[in-house]
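What follows is one structure encoded as structure tokens, with my remarks underneath.
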Amino acid sequence: MVDLKGKSFLKIMDFSAEELEYLIDLAAELKEKKKKGIAHRDLEGKNIVLIFEKTSTRTRCSFEVAAHDLGMQVTYLDPDGSQIGRKESIADTARVLGRMFDGIEYRGYGQDIVDELAEYAGVPVWNGLTDQSHPTQMIADMLTIREHFGKLKGIRFVYMGDARFNMGNSLMVTCAKLGMDFVACTDPRYYPESFLVDQAKKLAEKSGGSVTLTDNVAVGCRNADVIYTDIWVSMGEPEEAWAERIRALKPYQVNEKAFSYAKADAKFMHCLPSYHNLETEVGRQVYEKFGLDELEVTDQVFESDRSIVFDEAENRMHSIKAIMYATLK
Ligand code: CP
Ligand code: NVA
């Protein structure tokens with residue numbers, strides 16, 4: 001029987017396939033309760049704190065709404081609103097917050113920071129994104145795939161673009177654990193780090209999945225069930241990175257050509273936010289400098305029937321609720 005009470009949620013590698021499936025099932029169950037209007041204020045009286053050293057729309061709102069639905073109170077600490085890191089060490093912060101709160105969410109830079117928080121807090125710590133991983137997003141993504149395909153095992157999941165950052169790393173490990181066929185289809189400089197690829201390959205051998213790296217779009221996208229991408233320059237990376245990223249990753253833009261190799265009913269996924277038109281400040285800046293009006297995905301694909309990005313975004317809330325419930329109940 002899976003029991004995650006008291007456990008932190010720091011990276012996917014720490015969890016078995018059974019535990020991940022349990023969280024996906026729990027998210028589906030809580031989603032159904034919410035849709036049916038069945039109250040589930042099972043964590044009434046508890047308090048959580050959200051630490052965001054980087055910006056967020058989905059993750060912050062998901063934690064807040066999920067906490068309220070579960071009957072909990074929330075404190076939000078923005079990137080400048082606390083002593084963290086500047087006047088107080090992570091270990092001291094963890095020991096203070098652990099005395100006041102039942103759980104701590106952290107979004108920031110190095111994975112070592114969230115690991116250290118968890119080591120000292122004495123209460124569950126949830127990773128709301130670091131440079132290396134984005135584990136809460138994984139439960140939402142897998143729930144979304146299961147809703148659309150009715151299964152996870154055997155799904156051919158193609159990740160295009162920057163596969164060496166948080167999203168590529170986490171998706172590769174998640175797919176490998178859950179018996180899916182993961183393909184990183186990108187410029188070899190943007191493959192996930194080789195030590196992680198080796199670990200993922202071993203996991204895939206056990207689960208019946210596979211891990212493939214290719215720089216050939218026709219080969220990578222052949223028979224894809226899902227084509228996934230993420231922004232090419234992530235939070236915390238310098239603006240100067242755009243020139244090199246565009247040069248390297250433009251051939252791996254998700255467009256109709258990429259989908260022409262995929263299965264007829266293939267879906268498009270993206271963790272969001274996305275630069276698919278000129279309706280954002282960064283999108284317009286990049287356009288002025290490089291002349292591209294859509295980046296990691298074309299507007300045509302983003303707005304097409306294949307696109308399940310808003311189902312995915314909604315599922316962030318249900319899955320974050322499941323993660324908090326499982327670790328605090
Ligand atoms: N996908 C995701 O984490 O979105 P936010 O940055 O808006 O939280
Ligand atoms: N790779 C992106 C993910 C955003 C959810 C970033 O880190 O900015």
Side-chain angles (χ1 to χ4, degrees), residues 9-12 27 50-67 74 76-79 105-111 113-114 126-145 159-174 184 186 190-193 196 228-242 244-246 248-249 252-254 268-276 279-283 285-286 295-297 302 307-321 323-324:
F9 196 73
L10 303 175
K11 59 181 188 305
I12 293 298
L50 312 180
I51 306 170
F52 279 85
E53 302 216 82
K54 290 175 176 170
T55 52
S56 167
T57 297
R58 277 146 292 272
T59 309
R60 175 183 175 181
C61 295
S62 295
F63 269 98
E64 295 212 11
V65 173
V74 182
Y76 173 73
L77 296 179
D78 70 22
E105 180 277 352
Y106 177 84
R107 165 173 286 198
Y109 296 87
Q111 182 73 24
I113 302 174
V114 77
W126 309 294
N127 177 0
L129 177 145
T130 59
D131 291 347
Q132 290 77 13
S133 66
H134 196 6
T136 64
Q137 178 83 47
M138 296 306 108
I139 305 301
D141 290 350
M142 296 304 125
L143 173 62
T144 311
I145 294 173
Y159 184 94
M160 297 180 82
D162 180 7
R164 49 97 257 166
F165 215 67
N166 41 28
M167 288 304 304
N169 291 343
S170 294
L171 285 165
M172 178 175 66
V173 174
T174 306
T186 189
Y190 292 91
Y191 287 163
E193 280 194 61
L196 201 60
Y228 199 116
T229 192
D230 179 20
I231 48 173
W232 290 340
V233 175
S234 286
M235 287 184 279
E237 294 197 291
E239 216 180 288
E240 300 76 71
W242 276 109
E244 152 57 21
R245 290 297 150 77
I246 287 171
L249 300 180
Y252 304 96
Q253 179 189 61
V254 180
F268 170 67
M269 295 180 71
H270 190 311
C271 55
L272 307 182
S274 164
Y275 302 125
H276 58 94
E279 302 299 316
T280 65
E281 202 182 303
V282 174
Q285 282 166 3
V286 172
L295 296 171
E296 74 276 4
V297 56
F302 188 93
S307 177
I308 54 174
V309 297
F310 298 109
D311 292 344
E312 193 183 351
E314 176 191 334
N315 284 340
R316 295 299 309 287
M317 197 284 282
H318 306 298
S319 50
I320 281 173
K321 190 186 282 177
I323 292 161
M324 290 198 288

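Remember, it's 1-based here, ligands and their atoms both numbered in the order they're listed. Keep in mind it's a predicted model, so treat the numbers as computed, not measured. By convention here, the first residue in the shown sequence is residue 1.
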**Message:** Between Gln253 (side chain only) and Leu295 (backbone N and O only), is there a donor and an acceptor less than 3.5 Å apart?
**Reply:** yes

**Prompt:** Which part of Leu272 is near ligand 1, with near meaning a heavy atom under 4.0 Å away: side chain, backbone, both or neither?
**Reply:** backbone

**Item:** Asn166 side-chain N/O to His134 backbone N/O, donor-acceptor pair under 3.5 Å
**Value:** no

**Request:** Below 4.0 angstrom from a heavy atom of Leu272, which ligand 2 atoms are there? Numbered from 1 as shown, please.
**Result:** 5 (C)

**Message:** Taking distance alone, with N or O pairs closer than 3.5 Å, would you say Arg58 contacts ligand 1?
**Reply:** yes

**Item:** Reported CD1-to-OG1 distance for the pair Ile139 and Thr174, which is rounded to 0.5 angstrom
**Value:** 7.0 Å

**Item:** Heavy-atom nearest neighbour in the protein, as seen from atom 3 (C) of ligand 2, with distance rounded to 0.1 Å
**Value:** Asp230 OD2, 3.6 Å

**Contact atoms of ligand 2, heavy-atom distance to Ile231 under 4.0 Å** = 8 (O)

**Prompt:** Cation over ring, Arg60 on Phe52, under 6.0 Å and within 45°?
**Reply:** no

**Message:** Please list, in number order, the atoms of ligand 1 under 4.0 Å from a heavy atom of Thr57.
**Reply:** 5 (P), 7 (O), 8 (O)

**Asked** Does any donor atom in the side chain of Thr130 or Gln111 lie under 3.5 Å from an acceptor atom in the other side chain?
**Response** yes

**Donor-acceptor under 3.5 Å (Ser133 side chain, Ser170 main chain)** = no

**Request:** Report yes or no: does Arg245 contribute a side-chain atom to a donor-acceptor pair with the main-chain N or O of Trp232 at less than 3.5 Å?
**Result:** yes

**Asked** Please state which protein non-hydrogen atom is closest to atom 6 (O) of ligand 1 and give its distance, to 0.1 Å?
**Response** Arg107 NH1, 2.8 Å

**Message:** Which residue and atom name correspond to the protein heavy atom nearest atom 2 (C) of ligand 1, and how close is it?
**Reply:** Arg316 NH1, 3.2 Å

**Message:** Suppose we measure from atom 4 (C) of ligand 2 to each protein heavy atom; which comes out shortest, and what is that distance?
**Reply:** Leu129 CD1, 3.8 Å

**Message:** Can you name the atoms of ligand 2, numbered from 1 with element, that are less than 4.0 Å from a heavy atom of Met235?
**Reply:** 6 (C), 7 (O), 8 (O)

**Message:** With a 4.0 Å cut-off on heavy atoms, is Lys54 in contact with ligand 1?
**Reply:** no

**Asked** Below 4.5 Å, heavy atoms only, C-beta onward: do Thr186 and Tyr159 meet side chain to side chain?
**Response** no

**Asked** Can you check whether His134 has an N/O within less than 3.5 Å of an N/O in ligand 2?
**Response** no

**Request:** May I ask you to check whether Ser234 and Asp162 show a side-chain donor-acceptor distance below 3.5 Å?
**Result:** no

**Message:** Quick check: Asn166 and ligand 2, any N/O pair under 3.5 Å apart?
**Reply:** yes

**Request:** Would you check whether Cys271 has a nitrogen or oxygen atom less than 3.5 angstrom from a nitrogen or oxygen atom of ligand 1?
**Result:** yes

